[in-house]
Amino acid sequence: MANDIQMVANDLTENVLAKVNEMEKSKKIAFPPHYSYANALKAAQLVLLETKKDNKPVLEVCSKGSIVNALLGMVTKGLNIQKGQCYFIPYGNQLTLSVSYMGKIAMAKRIGWIKDVKAYPLYKGDTFETVFDPETGTLKVKEYAPKFENIDENKLIGAFAMVIGKDGVLHTEVMNMT
């Protein structure tokens, strides 16, 4: 039984690998620098062997087409499940690909105008002030002064994230815990 599931996982990933190789050779697809879709598929194969729905392997429960689509989705987005950039989630008999926060950051950085995304927790007692810039329509952090002694999950009141471009902050998002 375990060998059958392993064979299914191997067959599916090898089929996807062959299809992607063919697409790459015919210039129908391009990949980010330093991205190895072969490595990503091998990592995905190992994850698929461990992923279950209702205590049954997804390779038994989910349709082969949905598994292939999830694998192709991962590869065409240039993601690697082993790096926490995406997850396989079964819904009924369909396996879906969900892009994680880390995957979204990786894809955004590849666009070229996004340099990084930084996120920071806000604790009760920290100094945090924002200002709205009507010229750009953006929220800007005017002051942020975290205090080490405030780091306590019971004091967590929110967080903020900043999308940083080549010329500075492009966007700031503020979230509270309520």
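Note: hydrogens, waters and symmetry copies are ignored here, and every other heavy atom, side chains too, is used. Starting from 1, each residue takes its place in the sequence as its number.
Residues Y35 and I105 are members of separate hydrophobic clusters, defined by side-chain heavy-atom contacts under 4.5 angstrom among Ile, Leu, Val, Met, Phe, Trp and Tyr. Hydrophobic cluster membership is shared by V47 and Y37, with clusters built from Ile, Leu, Val, Met, Phe, Trp and Tyr side chains linked at under 4.5 angstrom. Linking Ile, Leu, Val, Met, Phe, Trp and Tyr residues whenever their side-chain heavy atoms come within less than 4.5 Å leaves L156 and Y120 in two separate clusters. Following chains of ILVMFWY side-chain contacts shorter than 4.5 Å, one can reach M177 starting from I151, so the two form part of one hydrophobic cluster. Residues Y87 and L97 do not share a hydrophobic cluster, defined by chaining ILVMFWY side chains whose heavy atoms lie under 4.5 Å apart.
In this structure, the side chains of V117 and Y101 come closer than 4.5 Å at one or more pairs of heavy atoms. Here the side chains of F31 and V20 are in contact, with some heavy-atom distance below 4.5 Å. Side-chain atoms of T172 and T138, non-hydrogen and from C-beta on, never get closer than 4.5 Å to each other. Side-chain atoms of M107 and L79, non-hydrogen and from C-beta on, do get closer than 4.5 Å to each other. Two residues are said to be in side-chain contact when any heavy atoms from C-beta on lie closer than 4.5 Å; V169 and V141 fail this criterion. E14 is listed as a side-chain neighbour of L17, based on a closest heavy-atom distance under 4.5 Å. You'll find the side chain of V16 stays beyond 4.5 Å of the side chain of L12, heavy atoms only.
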*asked:* Under the criterion side chain to side chain contact (heavy atoms under 4.5 Å, CB included), I'd like the reasoning laid out for N150 against K124: C-alpha separation, chi angles, the key distance, then a yes or no.
replied: CA-CA 7 Å; N150 294 338; K124 187 173 185 170; over 6 Å; no

*Yes or no on salt bridge (Lys or Arg N to Asp or Glu O under 4.0 Å) for K140 and E129, after CA distance, side-chain angles and deciding distance?*
CA-CA 9 Å; K140 297 186 181 227; E129 188 179 345; over 6 Å; no

*Tell me, with the steps shown, if F160 and L139 meet side chain to side chain contact (heavy atoms under 4.5 Å, CB included).*
CA-CA 11 Å; F160 72 99; L139 194 62; over 6 Å; no

_Run M74 and L41 through side chain to side chain contact (heavy atoms under 4.5 Å, CB included) and show every step you take._
CA-CA 9 Å; M74 177 189 72; L41 284 167; 4.1 Å; yes

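Residue K52 qualifies as enclosed at atom NZ: its count of foreign heavy atoms under 6.0 Å is above 12. The neighbour count for E149 CD, taken as heavy atoms of other residues, nucleotides or ligands under 6.0 Å away, is above 12. Environment of CD in Q82: sparse, with no more than 12 heavy atoms of neighbouring residues, nucleotides or ligands closer than 6.0 Å. Applying the 6.0 Å contact sphere to NZ of K104 captures no more than 12 heavy atoms from other residues, nucleotides or ligands. The environment of CZ in F132 is crowded: more than 12 heavy-atom neighbours from other residues, nucleotides or ligands sit within 6.0 Å. In M23, the CE atom is crowded: over 12 heavy atoms of neighbouring residues, nucleotides or ligands sit closer than 6.0 Å. Heavy atoms of other residues, nucleotides or ligands lying less than 6.0 angstrom from CG of D152 number more than 12.
Residue M175 comes nearest to A161 through the heavy atom pair CE-N, 4.0 Å, listed as atom of the first residue, atom of the second, then distance. The minimum heavy-atom distance linking K142 with V131 is given by the pair CB-CG1, 4.3 Å. Closest approach of S100 to C86, counting heavy atoms only: OG-N, 3.8 Å. In terms of heavy-atom proximity, C62 sits nearest to P90 at SG-CB, 3.8 Å. Residues S98 and I89 approach most closely at CB-CD1, 3.6 Å, considering heavy atoms. The two residues M102 and G84 come nearest to each other via the heavy atoms CB-O, 3.8 Å.
Atoms OG1 and CG, from T76 and L71 in turn, are 10.5 Å apart once rounded to the nearest 0.5 Å. Rounding to the nearest 0.5 Å places CD of Q45 at 9.0 Å from CG of L59. To the nearest 0.5 Å, atom NZ of residue K42 and atom CG of residue N80 are 13.5 Å apart. Atoms NZ and CG, on K64 and N69 in that order, are 13.5 Å from each other to the nearest 0.5 Å. Taking CD of E50 as the start and CZ of F88 as the end, the distance is 13.5 Å to the nearest 0.5 Å. K53 NZ to N93 CG: the interatomic distance, rounded to the nearest 0.5 Å, is 9.0 Å.
Of the possible donor and acceptor atoms, one in the side chain of N15 sits under 3.5 Å from a partner among the backbone N and O of D11. In this structure, the side chain of D126 engages the main chain of K147 through a donor-acceptor pair within 3.5 Å.
None of V61, I67, V68 except one satisfies the side chain to side chain contact (heavy atoms under 4.5 Å, CB included) rule with L95; the exception is I67.
Below 30°, between 30° and 60°, or above 60°: for Y144 and F128 the angle between ring planes is above 60°, a perpendicular geometry.
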